[in-house]
Asks: 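My questions will all concern the structure given below.
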Amino acid sequence: MSKGITSKNEDYSQWYNELVTKADLAEHSAVRGCMVIKPYGYSIWEKMQAALDKMFKDTGHSNAYFPLFIPKSFFSKEASHVEGFATECAVVTHYRLKNDGNGNIIVDEEAKLEEELIVRPTSETIIWNTYKGWIQSYRDLPILVNQWANVVRWEMRTRLFLRTAEFLWQEGHTAHATSEEAIEEAERMLDVYADFAENFLAVPVVKGVKTPNERFAGAVETYCIEALMQDGKALQAGTSHFLGQNFAKAFDVKFTNKEGKQDFVWATSWGVSTRLMGALIMAHSDDQGLVLPPKLAPIQVVIVPIYKGDEEFAKISGVADQLSQALKQKGISVKYDDRETQRPGFKFAEYELKGVPVRVAIGGRDLENGTVELARRDTRTKETVNRDGLAERIEDLLEEIQTNIYQKALKFREESTTEVNSYEEFKQVLDSKAGFVAAHWDGTPETEQKIKEETKATIRCIPLNNKQEEGVCIYSGKPSTQRVLFARAY
RNA sequence: CGGGGUGUAGCGUAGCCCGGUAUCGCGCCACAUUUGGGAUGUGGAGGUCGUAGGUUCGAAUCCUGCCACCCCGACCA
C-alpha cells in the first residue's frame, strides 16, 4: 500500500475511488459494473442494516423475500413503470449451457425460455402480482412488508457504491385501504430514513418531494431525502413513494371495504441502498481517509501498544486487556492491535485511513504515569489522559464525535445553501460554490428541463413544510409561490 | 451507448515511436538492529507484459477483435 491518498481538493473523484479501495471497503470485480464489497465495507453495511431493520420492525413491518426473476409480461402492466426501467434491465433468455464439441461452453439454443425473465431492477411488479392473492378484504390490510435484496440496473457508467449494476438495498412494499393511510405510511418511512441519516450516518438531509420529472416510474408522489456531499454535489439518499392505485390497477388487486364495496388497494414503496455507503464516505472523510460516525464504525476504539522489549509489551498488553474488557462491557467495539510486525506510526496511519473514531496509544511512559494517549479521528487531536474512568470518558467521547461530525456536516450544508433571485446569479453560484441553490420556479417540467440542459442542475426536491413566499421564476419570470432546491447531483 | 485515455509482479511505474522475453520504487519473505506518527541494513522470492488471434526467425513493442477501469457526454438510486 502506498503512502497517502490523493487530496480531495486536487481530484475529488480520484480521492473517492482511492478511499473506497484503500480503506478496504470494496473493489471492482471481474464483472463490469459490479463490485466486491470487502469485509470491512460489508460490516459497515451490516451496521446500517441492523439499525434500519430495527426501525422498520418498530414501525410494524415484517421482512419477506420475493424472487430475483420477474416474468417479462409483468413489466408491461404498468406503463410508466416499464418505460422507466426498460432500458436497464438484464434479461434471462435461456436455462442451459452445452459443450459445442470443440471444448467451448455455449448457450444451448434449444433451451430457450418460453417467457423471458427480467432480473429485478425493483420488485413492485412481482410483489403486486403476489399481493393479489393475499388481499380480499379490508381485514387483510394493511400489509407492511420489507425485503432485503439485491437488484440489477444495467447502468452505463458505474462508480463503487454510488452507482453499480448490481446493488444491495431494502425495499418496503405496503398495501393500504385508503389513500390517506398510504400517504401517511410513505411520509412515516421518509421520517425513518431522515432519522437514520441524521442519527446514524450523521448526515443532515432535506426532506422533500420530487418534481414530476424526477418522480419514480409508477409513483403518484415521490418523497426523498437529499444530502449534500463535500464537493457541493447533492446525493439522493433515500426515497419513499406513494404509488396511489397504479399497481393495484395494473395487477387487479381489489378488496372489499367496510361498506361492502370493491375498491383498488393503495400502495407505497420505499428504499435505501448501498449508495448510503457513498454518502457516508463523501459526507465526512478527509485527506487522511475515512471518518466514520461511531454508531456505524465496525471498530469504535483501537488500542495500539508502543513498547521496548517483551517485558514492557506484556505489561502494556495487560493494561490494554483491562481497558478492552471495560469497553466491551459498555457495548463498545474495541480492537487491541498487538501485531509485532508493524510499528506504531504505521498503525496510526492505517486506522486513520479506515476511519476508526478513537485511538488509544499506550507506551512505557504511560505505564509509569498511569495514563494513555487518547486520539480522536474527527478532529485529529490527541491528549494524554489518566487511566481512571477511561472507559466512561471514551464512551462520552464517542457520543461527542457522533455529534461533532453531524454538526460539521450541517454547518457545511447551511453554508452551501444559497438563495438566488436571478438566472445569472443561479449559474454563477452553481459554478463558484455549488451546493444547494434555492430559487423560485414556475412549476413546469419544461422550465426544469431547460435549466437542466443549460446548467446540469436539477431540482433535487421541493422541501416539505416549505416557506411560502411570493416570487418569480428565475428562468421564465412567471409567478411562483415558493423556492425549490436545485443542485448538481450524483 | 458515443468521444477521449489507460491496462507491464500485490500497488505505482520505465521500456513501446525505432521488435531480440523486462526497469525502478513501495510492498512481500528471512535474519539482525529497531518501536511515543507510515523504521534501517543485508540477503531473497515474485512477471503467460489485460485477453484472443494475426504479422515475423523472434512481439510488452507492429496489426485486429474482445474484456476491464478512468475522464467527459446521454441515462439513472
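A, B, ... follow the sequence lines: proteins, then strands. Residue 1 opens every chain. Every heavy atom of this structure was used, including side-chain atoms; hydrogens, water molecules and symmetry mates were not. In this text, all values refer to a predicted model and were calculated from it rather than measured experimentally.
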Asks: Should the side chain of A:Lys382 and the base of B:G37 be counted as holding a donor-acceptor pair, with the cut-off at 3.5 Å?
Replies: yes
Asks: Which part of the nucleic acid, if any, lies within reach of A:Phe216 when heavy atoms closer than 4.0 Å are counted: base, sugar-phosphate only, or nothing?
Replies: nothing
Asks: Counting only heavy atoms from other residues, nucleotides and ligands, does the tally under 6.0 Å from CD of A:Gln449 exceed 12?
Replies: yes
Asks: For residues A:Lys38 and A:Glu27, determine if any side-chain heavy atom of one lies less than 4.5 Å from a side-chain heavy atom of the other.
Replies: yes
Asks: Could you check whether atom NZ of A:Lys72 has more than 12 heavy atoms from other residues, nucleotides or ligands sitting under 6.0 Å from it?
Replies: no
Asks: Does the pair A:Ser269 and A:Glu124 meet the rule for a side-chain hydrogen bond (donor to acceptor under 3.5 Å, both in side chains), with working shown?
Replies: CA-CA 8 Å; A:Ser269 67; A:Glu124 274 78 5; 2.7 Å; yes
Asks: Which part of the nucleic acid, if any, lies within contact of A:Gln236, taking any heavy atom under 4.0 Å across all strands shown: a base, the sugar-phosphate backbone alone, or nothing?
Replies: sugar-phosphate
Asks: Considering only atom C1', compute the distance from B:G38 to B:G46 and round it to an integer number of Å.
Replies: 24 Å
Asks: For B:A45 versus B:C26, give the span between their C1' atoms, rounded off to a whole number of Å.
Replies: 16 Å
Asks: Any non-hydrogen side-chain atom of A:Thr447 less than 4.5 Å from a side-chain atom of A:Ile451?
Replies: yes
Asks: Please report the distance, rounded to the nearest Å, between CD in A:Glu373 and C1' in B:U35.
Replies: 14 Å
Asks: In this structure, are over 12 heavy atoms from other groups packed under 6.0 Å from A:Trp169 atom CH2?
Replies: yes
Asks: Taking the same atom, P, in B:U40 and in B:G2, what whole-Å distance lies between them?
Replies: 49 Å
Asks: Rounded to whole angstrom, note down the P distance from B:G50 over to B:A77.
Replies: 37 Å
Asks: Over all strands shown, is A:Thr222 touching base, sugar-phosphate only, or nothing at heavy-atom distances under 4.0 angstrom?
Replies: nothing
Asks: Once you round it to whole Å, what is the distance between C1' of B:G10 and CD of A:Glu27?
Replies: 11 Å
Asks: Please report the distance separating the C1' of B:U56 from the corresponding atom of B:C67, rounded so that it comes out in whole Å.
Replies: 26 Å
Asks: Across all strands, who's sitting opposite B:G73 as a Watson-Crick or G-U wobble pair, both distances under 3.5 Å?
Replies: B:C1
Asks: B:G20 pairs with which nucleotide, Watson-Crick or G-U wobble, both distances below 3.5 Å?
Replies: B:C57
Asks: Base, sugar-phosphate or nothing for A:Gly238? Non-hydrogen atoms, less than 4.0 Å.
Replies: nothing
Asks: Please report the distance, rounded to the nearest Å, between CD1 in A:Ile303 and P in B:G36.
Replies: 19 Å
Asks: Would you mind classifying the nucleic acid contact of A:Leu235 as base, sugar-phosphate or nothing, using non-hydrogen atoms under 4.0 angstrom?
Replies: nothing
Asks: Calculate the interatomic distance between A:Asp310 atom CG and B:U33 atom P; express it in whole Å.
Replies: 12 Å
Asks: Among B:A77, B:G37, B:C1, find the nucleotide with the atom closest to the side chain of A:Arg359.
Replies: B:G37
Asks: In terms of heavy-atom contacts, does NZ of A:Lys433 have more than 12 from other residues, nucleotides or ligands at under 6.0 Å?
Replies: yes
Asks: Which nucleotide wins on minimum distance to the side chain of A:Ile306, given the candidates B:A77, B:C76, B:U35?
Replies: B:U35
Asks: State the pairing partner of B:C49; accept Watson-Crick or G-U wobble contacts with both distances under 3.5 Å, and report none otherwise.
Replies: none
Asks: So, is A:Lys456 near the phosphate of B:A74, with a side-chain N or O under 4.0 Å from OP1 or OP2?
Replies: yes
Asks: List the atom of A:Pro357, the atom of A:Ile401, and the distance in Å for their closest heavy-atom pair.
Replies: O-CD1, 3.7 Å
Asks: Judged by each residue's nearest nucleotide on RNA chain B, which is more toward the 5′ side, A:Ala165 or A:Lys347?
Replies: A:Lys347
Asks: If pairing requires Watson-Crick or G-U wobble contacts with both distances under 3.5 Å, which nucleotide is the partner of B:A68?
Replies: B:U6
Asks: Can you identify which nucleotide, out of B:G36, B:G37, B:C1, has its nearest atom closest to the A:Arg365 side chain?
Replies: B:G36
Asks: Once you apply a heavy-atom cut-off of 4.0 Å, does A:Thr239 come out as touching a base, just sugar-phosphate, or nothing?
Replies: nothing
Asks: Are A:Arg380 and B:G37 close enough that a side-chain N or O sits under 4.0 Å from OP1 or OP2?
Replies: no
Asks: Assess whether atom CG of A:Asp431 is packed by more than 12 heavy atoms of other residues, nucleotides or ligands within 6.0 Å.
Replies: yes
Asks: Just to be sure I understand the rule, does A:Glu214 reach a base, reach only the sugar-phosphate, or reach nothing, if contact means heavy atoms closer than 4.0 Å?
Replies: nothing
Asks: If we check salt bridge (charged side-chain N to carboxylate O under 4.0 Å, His left out) with A:Glu350, which of these qualifies: A:Arg339, A:Lys22, A:Lys335?
Replies: A:Arg339
Asks: Can you confirm whether more than 12 heavy atoms, excluding those of A:Gln342, are under 6.0 Å from its CD atom?
Replies: yes
Asks: Looking at A:Glu453, I want to see if its CD is surrounded by more than 12 non-hydrogen atoms of other residues, nucleotides or ligands under 6.0 Å.
Replies: yes
Asks: Would you mind reading off the distance between A:Asp337 atom CG and B:G38 atom C1', rounded to a whole angstrom?
Replies: 14 Å
Asks: Would you mind pulling out the nucleotide paired to B:U40, Watson-Crick or G-U wobble, both distances under 3.5 Å?
Replies: B:A32
Asks: For B:C18 versus B:C72, give the span between their C1' atoms, rounded off to a whole number of Å.
Replies: 34 Å
Asks: Could you list, one pair per line, each protein nitrogen or oxygen that sits under 3.5 Å from a nitrogen or oxygen of nucleotides 69-72 of chain B, together with the distance?
Replies:
from: B:C69; atom 1: OP1; to: A:Gly33; atom 2: N; distance (Å): 3.0
from: B:C69; atom 1: O3'; to: A:His28; atom 2: NE2; distance (Å): 3.2
from: B:C70; atom 1: OP1; to: A:His28; atom 2: NE2; distance (Å): 3.4
from: B:C72; atom 1: OP2; to: A:Arg157; atom 2: NH2; distance (Å): 2.4

Asks: If you check the A:Lys452 side chain, which of B:A77, B:G37, B:C76 turns out closest?
Replies: B:C76
Asks: Per the atom types in the model, does the base of B:G37 pair as donor or acceptor with the side chain of A:Gln288 at under 3.5 Å?
Replies: no
Asks: I'd like the C1' distance from B:C28 over to B:G47, given in whole Å.
Replies: 15 Å
Asks: Rounded to whole Å, how long is the line connecting atom CZ of A:Arg215 with atom C1' of B:C76?
Replies: 17 Å
Asks: Taking the nucleotide of RNA chain B with the nearest heavy atom to each, does A:Arg343 or A:Tyr307 sit closer to the 5' end?
Replies: A:Tyr307
Asks: If you measure from the C1' atom in B:U6 to the same atom in B:A60, how many Å do you get, rounded?
Replies: 15 Å
Asks: With both distances kept under 3.5 Å, what pairs with B:U13, Watson-Crick or G-U wobble?
Replies: none
Asks: For nucleotides 28-32 of chain B, which of its nitrogen or oxygen atoms have a protein nitrogen or oxygen under 3.5 Å away, and what is each distance?
Replies:
none

Asks: Please report the distance, rounded to the nearest Å, between CE in A:Met277 and C1' in B:A77.
Replies: 16 Å
Asks: Apply side-chain hydrogen bond (donor to acceptor under 3.5 Å, both in side chains) to residues A:Glu171 and A:His173 and explain how you reach the verdict.
Replies: CA-CA 6 Å; A:Glu171 47 181 326; A:His173 294 273; 2.7 Å; yes
Asks: Nearest whole Å is fine: how far is B:A39 P from A:Phe348 CZ?
Replies: 11 Å
